[in-house]
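Below is one structure, written out as structure tokens, with a few remarks after it.
Proteins get letters first, then strands, A, B, ... in listed order; numbering begins at 1 in each.
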There are 2 protein chains.
Amino acid sequence: MAKFTKTDHCINCLDCNKNLPLLQLLSPSELEELNASRFEVKFKAGETIFKQGTSATHLLILTSGLAKFYVEGVQEKQLIIKIIKPWEIVGQASLYFDNRHHYSVAALVDCTACFIEIESFKKMIRQNSDFAEEFIKKCTQKGIYSFEKMVSLSQKQMHGRIADGLLYLSDRIYESDSFLLHLSRQDIADLTGMSKDSAIRILKEFHHEGIIELDGRKLNIINSEQLERISETG
Amino acid sequence: MAKFTKTDHCINCLDCNKNLPLLQLLSPSELEELNASRFEVKFKAGETIFKQGTSATHLLILTSGLAKFYVEGVQEKQLIIKIIKPWEIVGQASLYFDNRHHYSVAALVDCTACFIEIESFKKMIRQNSDFAEEFIKKCTQKGIYSFEKMVSLSQKQMHGRIADGLLYLSDRIYESDSFLLHLSRQDIADLTGMSKDSAIRILKEFHHEGIIELDGRKLNIINSEQLERISETG
DNA sequence: GTTATTTGTTGATAAATATCGATCTGAATT
DNA sequence: AATTCAGATCGATATTTATCAACAAATAAC
């Protein structure tokens, strides 16, 4: 009988605090408890991890891979709020509201997902105030990011929005000026709130102007200062 | 020498928990401590209460009046994130980030504002886990509202956005189908992410179609079901 | 390797929205 | 009552953006 390995990316939550600073605030026994409630599932690229509207019983932490976090808006359109990468806690919006997912999460590449039971997480919040405070910190920071995103979506025109999207990907997700894009053109459009055709056009324009180099999904940001300028002027 | 009255809307924080359920979770001594750190200021309509970019040392709770919570976007444009009414805690986004206001708040009518020192509030979060949990609840709920707003701003056209704005005002702010609007036409535009001229046009259209009655700032929503429909179809 | 099927690309056109200028209103001031 | 001034209004026009149709390229299925 094959040994049941919870994962090949992290042995257990006690080990995991290397990657997740928040967990360093928990005591060994608390970590043990969290570890007991968790389990891992592998997802293939394209598969849905959370589906908007279904009941939320667990928080999600990717231990490998990349996913999109999006809301299903009007007329089948998706709005990608953010890209999820490993070690970010996903699902706090559902912690206390109505136990429903108000967004969907889908794998952009093959992912390993660690699920943590909401109730044990809530228990940690209640019994460990350092943990609670650090968690509040994360929640409030996400609020500020939301404001920036709203400004981008509602006040900038397409060039500014694409610039914002590219800077977001390079600064916060890939942390490099040169990377292999895991998002389709449609995903880029959904991230920046425009049609796929328009997104393609602006990307091509940036390419022709020498601001970026884009060959299929190989993206190289050549002039990030100019992207910043375009982002600021809208 | 005139007696210094902290306010005529609430005597002190011990009294205030009638209006602010969150404070009911604090012990008398904790309320006393919070009360000691607070002070009140009156603002006239149009005055700025928080200015984006300045340092954040206090949280804000209106005890009377109405204010707009907005971010200053590109080219002097404002994006109104929400309307603030009494007893809502304003400013948590600045609690832990960089002690800067990332948004402005301005009085729409004469307001009485109660300021609570951020450090004492943080102390309550640390020492009272019920308080912390309830506060997290509020933070996460605001996240869900953000998602809805982003969908509205980025995926709906003007009719849908105006419908969303009107429903927001009637359902969540005025809690009535008929009210005196404290927002200018420009404010309506800033709330729904469009130009003032366009906002006026759509409002007139709704008026002519008998969905609303709008005379100056006297607004009466006649057919809210239809507004819902318009909101849903974008 | 060939055939489907998706994803990406482009130009032409249509629709949505902003901008501008002119005018109008009502409240505040003289 | 006349004057000023800010907000509101509206038509004409310009700009931005989406849509559509056609096709190319890449990928998956057979």
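Counting to the nearest Å, the P atom of C/dT9 and the NE2 atom of A/His207 are 10 Å from each other. Distance B/Glu76 CD to C/dA18 P: 18 Å, rounded to the nearest Å. Atom C1' of nucleotide D/dT15 and atom CD of A/Gln155 are separated by 18 Å, given to the nearest angstrom. Rounded to a whole Å, the CD1 atom of B/Ile188 is 15 Å from the P atom of D/dG7. Following rounding to the nearest Å, B/Ile200 (CD1) and D/dA8 (C1') show an atom-to-atom distance of 5 Å. When the P atom of C/dG11 is taken as reference, atom CD of A/Glu205 falls 12 Å away, rounded to whole Å. Between B/Arg161 atom CZ and C/dA16 atom C1' the separation is 10 Å, expressed in whole Å. If you take CG of B/Asp197 and C1' of C/dG21, they are 11 Å apart, rounded to a whole angstrom.
Side-chain contact annotation: B/Ser55 with B/Asn99, donor-acceptor N/O pair under 3.5 Å absent.
Between A/Phe147 and B/Tyr70, the ring center distance fails the sub-6.0 Å criterion. Taking the six-membered ring wherever Trp is involved, the centroid distance between the rings of B/Phe50 and B/His102 does not fall below 6.0 Å.
Within the 4.0 Å cut-off from OP1 or OP2 of C/dG8, not a single side-chain nitrogen or oxygen of A/Lys196 is found. The phosphate of D/dT19 (OP1 or OP2) has no side-chain N or O of A/Ser195 nearer than 4.0 angstrom.
Annotation: the span from B/Lys142 atom NZ to B/Lys149 atom NZ amounts to 14.5 Å, rounded to 0.5 Å.
Put simply, the side chain of A/Arg185 and the base of C/dT6 share no donor and acceptor less than 3.5 Å apart. Counting atom types as modelled, B/Arg201 pairs a side-chain N or O with a base atom of D/dG11 as donor and acceptor under 3.5 Å.
Between A/Ala199 and B/Arg217, the residue anchored closer to the 5' end of DNA chain D is B/Arg217, taking for each the nucleotide with the nearest heavy atom.
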**Request:** Could you check A/Phe121 against A/His58 for ring pair (Phe, Tyr, Trp, His ring centres under 6.0 Å), going step by step and ending with a plain yes or no?
**Result:** CA-CA 9 Å; A/Phe121 194 86; A/His58 291 76; over 10 Å; no
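Note on B/Ser184: only backbone sugar-phosphate atoms sit closer than 4.0 angstrom, heavy atoms only; bases stay farther off.
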